[in-house]
Amino acid sequence: MGSPDHFNQRVMVTPISTKRVEDVKSDALNTLLHISDLDSLDEWRVQYLGRKGQLTQLLRGLSSAPENDRAQIGAAANIAKTVLEEQLRLREADLKAEHLSGVVDRERIDVTLPGLPVPEGKLHPTTRMVREITTAFASMGFQIEEGPEIEYERYNFDMLNIPSDHPARDMWDTLWIDQARPDGYRPLLLRTHTSPMQARVMENIDPPVRVVVPGKCYRYEATDSTHEWHFYQVEGLAVGEGITFADLKGTLYEFARRIFGEDRKIRFRCDFFPFVEPGVDMSISNFKDKDGNRPINRDEDWIEILGAGMVHPKVLEGVGYDPDRYTGFAFGMGVERIAMLKYGIDDIRLFYSNNTQFISQF
Ligand code: DAH
C-alpha cells in the first residue's frame, strides 16, 4: 500500500458488490455500538447515510456493477439502508431518553436537604439594652415615656435646680442651639440628659408618678473609649406620698439583679446632683469567684452604674407639687455603659461606627 493514493482510499470508487454492501453495513453497526451521545450519532448518520455517506455512495455506484448482479446488490443495499435507518432511530430514541434522565437526575430537588440560611436582621445593642432596662422597670409598675431631644434651657437646667449662675452647669458640657436674647426668648439646646423629662412629666400629671424615660442625649465633648458626644440614657422617677430612700434602694436593687444576675449586690455612695437630696451613685458588685474570675471583666470590686437620689424639694415645688406632702426618688443611667458592662464591650465608639460586624454579634 505504498501508493500515493493510499490517503485518498476512502474516496476512491470501490468496485461494488454484495460483499462490499455487507461490509459497510456491519462496519456501520459496529461503530454504532460505541456511540454514546447525540452529536456522535449525527456524525455517524452523515458518515453512512448522508448524501455523501458510504452507503449512499454505494447505491450511486450501482450502475458500475455487472448487470446480472445489479438487482441483488441493489436489494442488499436497500435492506442495509433500511436496517441502518431503523438502528439509527432506535439509538437516537435511547440516547434522548438517557439524556433526559440525566437532566432529571442532575436537577432533582432533594426536599430533605436543610435550607439555605436567610440573612437575619438584628436589633442594635443599644436598642436591645433600652428594651431590657425599660422592660425591667415596666414590670415593677413604671410607665415608659419619651421626650424631645431639642430641649429648652429651662427644663434641661433651671427646673432641675440648676440656675444659669450655678457652677453645677459645668457638669454638663452643652451643645447650644441658640443663646439667650433680651426679649425673653427661651434658648434651645440639645438635651444633655433625660432628667428634663422629670419636670415635663410632673407638670402634666398629678402624683403618684412612676415613669422611665429612655432617650438620646448630647454633650459637647471629645470622644474616647468611654465618652461619646451622643448616647442614650434611661431616666426614672417615682413620686407619691410616703416614698422613702428604702423604696429607691429596693427598686434599683431589683433592677440590678434582673440585668446583671441574681447574685448581684449593690452599694450606694454619696454624690452630688443638684436635682436630688440626698444624691448618690450606685455600684454593682464585681467580686472574684473562687477561681479568681470576675462576673464583669474589669479589675474592680464595685462598678458604678448610675446616679440617683431623693427628688429635691425645689424640683417638686417648681412643678407645683407640695414638697411637704410628696416625696420621690429619681435615677439616671447611661445605656451604652450598661451594655458595655453586660456584654464586655471596651469602646463606646463601636456602638455608632456603622460597623455591622460589631452589631451582628449581639
Ligand atoms: N442626669 C444625670 C446625668 O446625666 C444622671 C442622674 C443622676 C439622673 C441622679 C437622676 C439622678 O435622675 O437622680 O449625669
Side-chain angles (χ1 to χ4, degrees), residues 130 133-134 137 142-149 151-162 166-175 189-202 209-221 226-240 243-253 255-256 266-284 303-316 318-319 321 323 326-338 348:
V130 163
I133 295 169
T134 52
F137 285 109
F142 284 75
Q143 282 177 280
I144 301 169
E145 284 283 344
E146 286 182 293
E149 290 172 26
E151 186 55 283
Y152 293 113
E153 175 188 27
R154 199 166 91 88
Y155 286 106
N156 197 83
F157 292 124
D158 301 78
M159 293 191 71
L160 292 170
N161 194 29
I162 319 168
H166 197 285
R169 281 218 179 175
D170 295 348
M171 288 169 74
W172 295 274
D173 294 307
T174 308
L175 287 157
L189 48 76
L190 292 178
R191 67 175 173 195
T192 57
H193 49 182
T194 43
S195 302
M197 277 301 285
Q198 292 187 25
R200 283 182 176 274
V201 167
M202 288 191 281
V209 174
R210 273 163 189 64
V211 286
V212 279
V213 185
K216 199 164 181 183
C217 308
Y218 303 83
R219 300 231 178 128
Y220 182 58
E221 214 161 8
T226 55
H227 295 90
E228 256 292 2
W229 66 272
H230 60 113
F231 53 90
Y232 279 75
Q233 284 191 344
V234 173
E235 190 80 12
L237 178 70
V239 180
I243 292 185
T244 68
F245 198 87
D247 297 310
L248 180 161
K249 285 176 87 173
T251 307
L252 293 179
Y253 180 45
F255 157 75
I266 55 173
R267 179 187 73 177
F268 292 97
R269 286 190 308 188
C270 287
D271 202 346
F272 171 71
F273 301 98
F275 34 93
V276 284
E277 180 57 36
V280 292
D281 63 54
M282 184 180 108
S283 303
I284 51 169
I303 296 175
E304 215 176 292
I305 60 165
L306 56 82
M310 299 306 288
V311 181
H312 199 289
K314 281 207 178 150
V315 175
L316 295 175
V319 295
Y321 283 12
Y326 298 113
T327 52
F329 64 85
F331 56 87
M333 66 189 87
V335 174
E336 292 85 354
R337 180 170 162 79
I338 303 236
I348 193 173

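Residue numbers run from 1 in the order of the sequence given. For the numbers below, each heavy atom of this structure counts, side chains included, while hydrogens, waters and symmetry mates do not. As the structure lists them, so they are numbered: ligands from 1, and atoms in each ligand from 1.
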(request) Take Ile243 and Arg210 through the test side chain to side chain contact (heavy atoms under 4.5 Å, CB included) and record every step on the way to the result. (result) CA-CA 11 Å; Ile243 292 185; Arg210 273 163 189 64; 4.2 Å; yes

Ligand 1 versus [X], non-hydrogen atoms closer than 4.0 Å: side chain, backbone, both, neither?
X	value
Glu277	neither
Met333	neither
Gln233	side chain
Ser195	side chain

(request) Could you tell me if the ring centre of Phe137 sits under 6.0 Å from that of Phe331? (result) yes

(message) If the threshold is 4.0 Å, N to carboxylate O, is there a salt bridge linking Glu277 and Lys314?
(response) no

(message) Between Asp158 and Arg169, does any side-chain N to carboxylate O distance fall below 4.0 Å?
(response) yes

(message) I'd like to check whether Phe331 has a polar contact with ligand 1, where a contact means an N/O of the residue lying under 3.5 Å from an N/O of the ligand.
(response) yes

Ligand 1 atoms in contact with [X] (distance to a heavy atom under 4.0 Å):
X	result
Ala330	12 (O), 13 (O)
Phe273	7 (C), 9 (C)
Arg219	3 (C), 4 (O), 14 (O)
Gln198	12 (O)
Trp172	3 (C), 4 (O), 14 (O)
Gly309	13 (O)
Val276	13 (O)

(request) Just need the protein heavy atom nearest to atom 12 (O) of ligand 1, so name the residue and atom and give the distance. (result) Glu235 OE2, 2.7 Å

(message) For atom 11 (C) of ligand 1, what is the closest protein heavy atom, and at what distance to 0.1 Å?
(response) Phe275 CE1, 3.5 Å

(message) Tell me whether Asn161 contacts the main-chain N or O of Pro274 through its side chain, where contact means a donor paired with an acceptor under 3.5 Å.
(response) yes

(message) Are there over 12 heavy-atom neighbours, none belonging to Phe272, within less than 6.0 Å of that residue's CZ?
(response) yes

(message) Surrounding CD of Glu149 (heavy atoms of other residues, nucleotides or ligands, distance under 6.0 Å), is the total greater than 12?
(response) yes

(message) Less than 6.0 angstrom from the centroid, inside 45 degrees of the normal: does Arg200 satisfy that with respect to the ring of Tyr155?
(response) yes

(request) Return the orientation label for the His230 and Tyr218 ring planes: parallel under 30°, perpendicular over 60°, tilted otherwise. (result) parallel

